[in-house]
There are 2 protein chains.
Amino acid sequence: MDENDDFVVQDFLPYLLNRAAEDSSLAFQTLYKGRYGMLRTEWRVLFHLGMYHRMTARDISTRAKIHKTKISRAVAKLSARRWVIRNRDEADRRSEHLELTPAGRSVYEDLREQAKIYDRRLTQEFSAGDVALLRRMLRQLASMETSVDPD
Amino acid sequence: MDENDDFVVQDFLPYLLNRAAEDSSLAFQTLYKGRYGMLRTEWRVLFHLGMYHRMTARDISTRAKIHKTKISRAVAKLSARRWVIRNRDEADRRSEHLELTPAGRSVYEDLREQAKIYDRRLTQEFSAGDVALLRRMLRQLASMETSVDPD
DNA sequence: CGGTAATAGTTGGTTTTGTAACTAACAAGG
DNA sequence: CCTTGTTAGTTACAAAACCAACTATTACCG
């Protein structure tokens, strides 16, 4: 237990990441919460459907690494609000395909626009190169693929 | 709502930050949970006391941006385990000064060592310069001061 | 086929968090 | 002093997350 070495827990990467994540998410959270009464998981499910147009709960679970129970409840709410439509797969009746309704899509479009603005505000104090590097490192830390694989 | 512009929500910084934070914290979380049955807030309180030796709940709240109810509960648990000692401030009997016991300090020392190792593992695939930049950017995004101000 | 295992999604019960109200102690102005 | 306001910390109740067991359906394999 060497007391006088260089590592300080305040620089511990998971700590810094969590702090940055919490703080940077806060204002945007109040936006989708206040404007649409959505929870974070609902917003995440919504934007995945906005991007990929047609996914099963399992697809979202795999891609976004969200547990299936959270997705199940999020989809239930989104579907009750008629923002998402569920279509049972007739070839495999266990799973169902999810899609945004036009109403759901307009919510998505709105929040996507807001996210874009918000993202710019967060990154404006950094150089474009630094921001690009930051995103690359974050993706790698999250063991996400850098490339966007098609369906 | 321009569909074919460049912004994709998957690059949304709060999303990337949250994913990286969750994934990078996971293994370490199982460590302090499994080894000491601690929650994240308890670990955070512990390491703040490990660094600063003597703080009030409010000090921790301010510095770590943790809500006072969470700290209250964390301190209650840490104190029940005799890892933290509470000393009421006789000049202002509302607040109490918190310190690690020897047992608490040895838990801290152990976890700090583990954190150091874990941090190295997380960052080893990046260059030292990139990691330094990453930490700087994360601190800035969390609106934390870069300098460590003394008590 | 028939039985066991695996998968998609849901539900229930327990923890954990978040929010608001609370107690106790101090501060400040009349 | 004594009312009003503020601060440190705790507690209670509601919302959300977590984990385990459950149903329904398909896959595998003797």
Side-chain angles (χ1 to χ4, degrees), chain A residues 18-19 21-23 25-27 29-30 32-34 36-46 48-49 52 54-80 84-99, chain B residues 18-19 21-23 25-27 29-30 32-34 36-46 48-49 52 54-80 84-99:
Chain A
N18 274 294
R19 291 276 321 252
E22 286 162 17
D23 286 24
S25 299
L26 198 71
Q29 184 181 358
T30 67
Y32 61 67
K33 203 171 204 163
Y36 297 108
M38 291 171 82
L39 258 31
R40 197 172 57 145
T41 305
E42 290 160 44
W43 151 239
R44 284 201 192 175
V45 167
L46 186 91
H48 273 84
L49 291 175
Y52 295 105
R54 187 180 162 85
M55 306 176 88
T56 66
R58 190 181 165 285
D59 294 338
I60 302 176
S61 176
T62 304
R63 197 181 285 275
K65 274 198 195 149
I66 303 174
H67 196 268
K68 59 181 184 172
T69 63
K70 276 165 104 175
I71 293 180
S72 173
R73 284 170 171 130
V75 168
K77 268 201 201 162
L78 292 170
S79 153
V84 162
I85 261 205
R86 323 160 78 128
N87 280 103
R88 190 150 297 277
D89 183 333
E90 288 304 332
D92 181 346
R93 299 186 38 75
R94 287 173 300 184
S95 67
E96 51 190 11
H97 299 278
L98 307 168
E99 276 175 291
Chain B
N18 274 295
R19 291 277 321 253
E22 286 162 18
D23 285 23
S25 301
L26 198 71
Q29 185 181 358
T30 67
Y32 62 67
K33 205 170 203 164
Y36 297 108
M38 291 171 83
L39 259 30
R40 196 173 54 146
T41 305
E42 290 160 44
W43 150 239
R44 284 200 189 175
V45 166
L46 186 92
H48 274 83
L49 290 175
Y52 296 105
R54 186 180 162 85
M55 305 176 88
T56 66
R58 190 181 166 285
D59 293 339
I60 302 176
S61 176
T62 304
R63 198 181 285 277
K65 272 201 197 147
I66 303 173
H67 195 268
K68 59 181 183 171
T69 62
K70 274 165 105 175
I71 294 182
S72 173
R73 289 187 249 250
V75 169
K77 268 201 202 162
L78 292 171
S79 151
V84 163
I85 261 205
R86 322 161 79 128
N87 280 103
R88 190 150 297 276
D89 183 334
E90 288 303 331
D92 181 347
R93 298 185 42 74
R94 286 171 302 184
S95 65
E96 50 189 14
H97 299 278
L98 307 169
E99 277 175 290

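Below, read A as the first sequence line, B as the second, and so on, with proteins coming before strands; counting in each chain starts at 1.
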In whole angstrom, give the distance that lies between atom CZ of A:R93 and atom C1' of C:dT7.
15 Å

Roughly how many Å is it from CG in B:D89 to C1' in D:dT7, rounded to a whole number?
13 Å

For a quick check of understanding: with a heavy-atom distance under 4.0 Å over all strands, which category does A:R86 fall into, base, sugar-phosphate or nothing?
sugar-phosphate

Whole Å only: how far is the CD1 atom of B:I71 from the C1' atom of D:dT11?
16 Å

Integer-rounded Å distance: C:dT17 P and B:R40 CZ
8 Å

Between C:dG9, D:dA8, D:dT10, which nucleotide has the shortest distance from any of its atoms to the side chain of A:E96?
C:dG9

Show me the pairs that pass salt bridge (charged side-chain N to carboxylate O under 4.0 Å, His left out) and involve residues 66-80 of chain B, at least two apart or across chains.
B:E42-B:K77

D:dA15 P sits how many Å from A:K77 NZ, rounded?
10 Å

side-chain contact (heavy atoms from CB on, under 4.5 Å) involving A:R94 - partner list, sequence neighbours excluded
A:D92

For B:L39, which contact category applies under a 4.0 Å heavy-atom criterion: base, sugar-phosphate, or nothing?
sugar-phosphate

So which protein N/O to nucleotides 19-24 of chain C N/O distances come out below 3.5 Å?
none

Looking at the side chain of B:D92, which of D:dT26, C:dG9, C:dA25 is the nearest nucleotide?
C:dA25

Stepwise side chain to side chain donor-acceptor pair (under 3.5 Å) check, A:D89 with A:H97
CA-CA 7 Å; A:D89 183 333; A:H97 299 278; 3.1 Å; yes

Rounding to an integer number of Å, can you tell me how far A:R88 CZ sits from D:dA24 P?
12 Å

Please report, rounded to the nearest Å, how far the P atom of D:dG9 is from the NZ atom of B:K70.
17 Å

Is there a side-chain polar atom (N or O) of A:S72 under 4.0 Å from OP1 or OP2 of C:dT10?
yes

Drop me the distance from A:H67's NE2 to A:T41's OG1, to the nearest 0.5 angstrom.
12.0 Å

Send over the distance from A:I66 CD1 to C:dG9 P, rounded to a whole Å.
14 Å

Please say which of A:T56, A:I71, A:V45 ends up in a side chain to side chain contact (heavy atoms under 4.5 Å, CB included) with A:S61.
A:I71

